[in-house]
There are 2 protein chains.
Amino acid sequence: MGEGDNVTAGFRDARPASAQSVTISDVAEAAGVSRQTVSNVLNAPDRVRAETRERVSRVIAELGYHPNHMARSLRASSPRMIGCRILPVHAETVAAIQDRFLHALAEAGQQCDHHVLLFTAADADAETERCTTLWRAGAVSGVVLYDITPDDARVSRLTAAGVPFTAFGRTATSTEQYSWADVDNAAGAAAAIDHLVAAGHRRIGFLGWPEGSSVGDARARGWLTAMDRHGLLAGSHRLDVRGADTTSSGTRLMAELLDRPGPPTAVVAATDTLAVGALHAVRDHGLIPGRDVAVVGFDDSPAATALGLTSVRQPIEEVGRLVMAEMLRLTGRTSGADGEPPTEPLHLVLTPELVVRASSTPHKDSPLFELDAHPLHP
Amino acid sequence: MGEGDNVTAGFRDARPASAQSVTISDVAEAAGVSRQTVSNVLNAPDRVRAETRERVSRVIAELGYHPNHMARSLRASSPRMIGCRILPVHAETVAAIQDRFLHALAEAGQQCDHHVLLFTAADADAETERCTTLWRAGAVSGVVLYDITPDDARVSRLTAAGVPFTAFGRTATSTEQYSWADVDNAAGAAAAIDHLVAAGHRRIGFLGWPEGSSVGDARARGWLTAMDRHGLLAGSHRLDVRGADTTSSGTRLMAELLDRPGPPTAVVAATDTLAVGALHAVRDHGLIPGRDVAVVGFDDSPAATALGLTSVRQPIEEVGRLVMAEMLRLTGRTSGADGEPPTEPLHLVLTPELVVRASSTPHKDSPLFELDAHPLHP
DNA sequence: AGCTTCCGTATGAACGATAAAAATGAGGGT
DNA sequence: ACCCTCATTTTTATCGTTCATACGGAAGCT
């Protein structure tokens, strides 16, 4: 005993005490109209007489009324939230584009009155399960995937579960129909090659990831194709090597290339991380990046800007915008009861952009060049 | 049979079409109990007879029922969401700890059934307004601020608006009572000094930001205090300089220090970005970082790991946990009608940790050292 | 038996908003 | 006068959940 006497029932809810203070009913009462009219002022202004509309609007402003998200979501059974997993930061990798992507997503969503809901997960399985749970619980309208692998299990699982999703990146082949936007990684690598070839380079190496990642393989393919197009694959001149996505790995790989009989005069790395490692190897060989050996990275991470590293920049802001727009299109058609208009999923490949800095052009006036301002002989 | 002869029920089936398919009523009907009993099974299991509980639980599992977030939030008028602004990625800065913080926040929130809602804003004013709007609209229980400046306007504005918030970092002085968790930046810088002094260094420089940022000033103060404690500020030996938080700035500042009559043998930078710039300057002077000049950074960004840069690591995961826990405490006491128990705001200073790598210890077996493996004479 | 207690479950009413339908009132035509 | 149309507003019902309370029945006490 002692604890269980809640005889004072009905006593406990005196004040609101919580966030939501002013509701649509308060506005209605203050303006002398019904709730629905206030609602109409906000959602269908043309149905309300101008005079009334103005009066209600004034009261709304005076009271500082904001429609309650949760109530609106419940009624519309559309939470106007997009779920997205945030990956733990991997220490070895300099080039994290996650924050850029999340920012782009949040920005794009905000334009359409949607928000991004962050969640974490230990692995892809846990992610799939969380996505499903969140969606079943009506917490999100859909989810956004990124960092897609060629045979990503998430795609089939979410499709099977019926969870609406769009992806940044795509699987190799998939029987499932889903919307994705991807960056043409091959074209990005090719652009780097073209740039280097135009600068006079002939022996151009490539530092890549081990095979099996769609992004890594595409970038490697881009190198191969472009090199072939320029007729630079003659004989045994395959200057491409693979390794883990770490700076030390980049250094090792680059050192290996530089120690070969016919060393490269330029190298394209699959990531900025590898490129940073490559820069070290170049210096270790007593060479100057940009002057003696050109280095191009991938992803245009902050580190690239900071180090004057030429890099391939993905149009992530646009990807974010597209992915979000597609998400809205997918989840927007809730009432599609009749006929199921065959909405084609979005499959869009965007072209990345080469950002040229000192590491591939010793003549430019940029940080790296300034640092290593040796006398030039152009 | 004996269960299903509800002939008239077949009329309302109207395809689910939307996310929310199975509701608490469905479970109740299938289990032959009332809504409330199902609710009790989930929220107050001890009120339900074991047998009933088990039966209901089984049905819940079978139907794959998940309580609707929006409905629950509406009823409880607590969205179980924490708002947090995501800053655009600044290209010049290598050391972004934002993603680490957001991840920590999301992780901590998830433990307590809360989620992080991301939003963007052009500046602090816009952020304040968005926070207020989100809170008024009942979209978030509260918000988390970070990157606090000494006289941050957000604190007073949000306090005035009544928006619950906690902060990572603190203002210089504030009449407002608010909860914050901060990292002892001065202690971090001091730890770096101690480490360097223990390694035999006497002339230790400091690269900092211009005055006016609480973080930057605290790190500078830490340098000054520690240097003084070791009696290393004798005469005109003030080897501290200030500049913008970019690598090029770091290079310039470090070069200036190295060109002085009594150049430093070690330097502590206020950020990894500056430290990376300093590494460049060291190399430009024909010196080897770690062997000839020790460099210590701040924030332990991925770049630090990648480059073998000794750095001061902030316990951001713990900050995230604390900030989230405090947020829950703040917003949790909704029913505090009586007496307003004087809940002390949280003011907690955490100690960062020095992560020693090659840039300050040439004997270690780490990437940078491997790179620059010159014969040593210890 | 009659009364209270207590446990387990069921019912009604919110939470705040909106879609759909109904009501109100002002013209307009015959 | 009558009915019809149109514009404007109000009423009703509902989204899915939980709080407060009511209710039925078994046990305990007198």
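Residue numbering restarts at 1 for every chain, and letters A, B, ... go by the order of the sequence lines. Hydrogens, waters and symmetry mates play no part in the numbers below; they use all other heavy atoms, side chains included.
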Self-check item: Phosphate OP1/OP2 of D:dG16: any B:Thr23 side-chain N/O under 4.0 Å
Solution: no
Quiz item: Using a cut-off of less than 4.0 Å, is there contact between a side-chain N or O of A:Thr37 and OP1 or OP2 of D:dT10?
Solution: yes
Quiz prompt | Contact residues, residues 46-63 of chain B to DNA chain D [heavy atom, < 4.0 Å] | solution = none
Quiz item: When the distance from CG of A:Asn68 to C1' of C:dA17 is rounded to whole Å, what number comes out?
Solution: 8 Å
Quiz item: Given atom CZ of B:Arg80 and atom P of D:dT18, what is their separation to the nearest angstrom?
Solution: 11 Å
Quiz item: Does A:Gly32 or B:Leu42 map to a spot on DNA chain D nearer the 5' end, using the closest nucleotide for each?
Solution: A:Gly32
Practice problem: Would you mind reading off the distance between A:Leu74 atom CG and C:dA19 atom C1', rounded to a whole angstrom? | Solution: 14 Å
Practice problem: Kindly determine whether B:Glu326 and B:Thr166 satisfy side chain to side chain donor-acceptor pair (under 3.5 Å), including the steps that lead there. | Solution: CA-CA 7 Å; B:Glu326 179 64 9; B:Thr166 57; over 6 Å; no
Self-check item: Rounded distance (Å) that lies between atom C1' of C:dG16 and atom CG of A:Asp26
Solution: 10 Å
Quiz item: How would you list all residue pairs meeting side-chain hydrogen bond (donor to acceptor under 3.5 Å, both in side chains) that involve residues 24-33 of chain A, not counting sequence neighbours?
Solution: none
Quiz prompt | Nearest listed nucleotide, side chain of B:Arg72, among D:dT10, C:dT18, D:dT18 | solution = D:dT18
Practice problem: Let me know the distance between CD1 of B:Ile24 and P of C:dC15, rounded to the nearest Å. | Solution: 19 Å
Quiz item: Passes side chain to side chain donor-acceptor pair (under 3.5 Å), A:Glu176 versus A:Ser174? Steps please.
Solution: CA-CA 5 Å; A:Glu176 290 88 13; A:Ser174 173; 2.7 Å; yes
Practice problem: Would you kindly check whether a donor in the side chain of B:Arg75 faces an acceptor in the base of C:dG16, or vice versa, at under 3.5 angstrom? | Solution: no
Self-check item: Short side-chain N/O contact to D:dT9 OP1/OP2 from A:Ser34, under 4.0 Å
Solution: no
Quiz item: In whole angstroms, how far is the P atom of D:dT17 from the NE2 atom of B:His69?
Solution: 12 Å
Exercise. Using a 4.5 Å cut-off on heavy atoms from C-beta on, say whether the side chain of A:Ile82 contacts that of A:Val323.
Key: no
Quiz item: Taking CZ from A:Arg35 and C1' from D:dT10, how many angstroms apart are they, rounded to a whole number?
Solution: 10 Å
Quiz prompt | N/O (side chain, A:Asn43) to phosphate O (OP1/OP2, C:dT18) under 4.0 Å | solution = yes
Practice problem: Whole angstrom is fine here: how far is it from NE2 in B:His66 over to P in D:dT17? | Solution: 12 Å
Quiz item: Got a donor-acceptor pair under 3.5 Å from the side chain of A:Gln36 to the base of C:dA17?
Solution: no
Practice problem: Go through B:Leu42 and B:Ile60 one step at a time and tell me if the side chain to side chain contact (heavy atoms under 4.5 Å, CB included) criterion holds. | Solution: CA-CA 10 Å; B:Leu42 293 171; B:Ile60 286 176; 4.0 Å; yes
Quiz item: Which pairs count as side-chain hydrogen bond (donor to acceptor under 3.5 Å, both in side chains) when at least one residue sits in residues 109-128 of chain A, sequence neighbours excluded?
Solution: A:Arg85-A:Glu127, A:Gln110-B:Thr120, A:His115-B:Arg130, A:Thr120-B:Glu107, A:Thr120-B:Gln110, A:Asp125-A:Arg157, A:Glu127-A:Arg154
Quiz prompt | For the student: nearest non-hydrogen atoms of B:Trp135 and B:Gly162, plus distance | solution = CH2-O, 3.4 Å
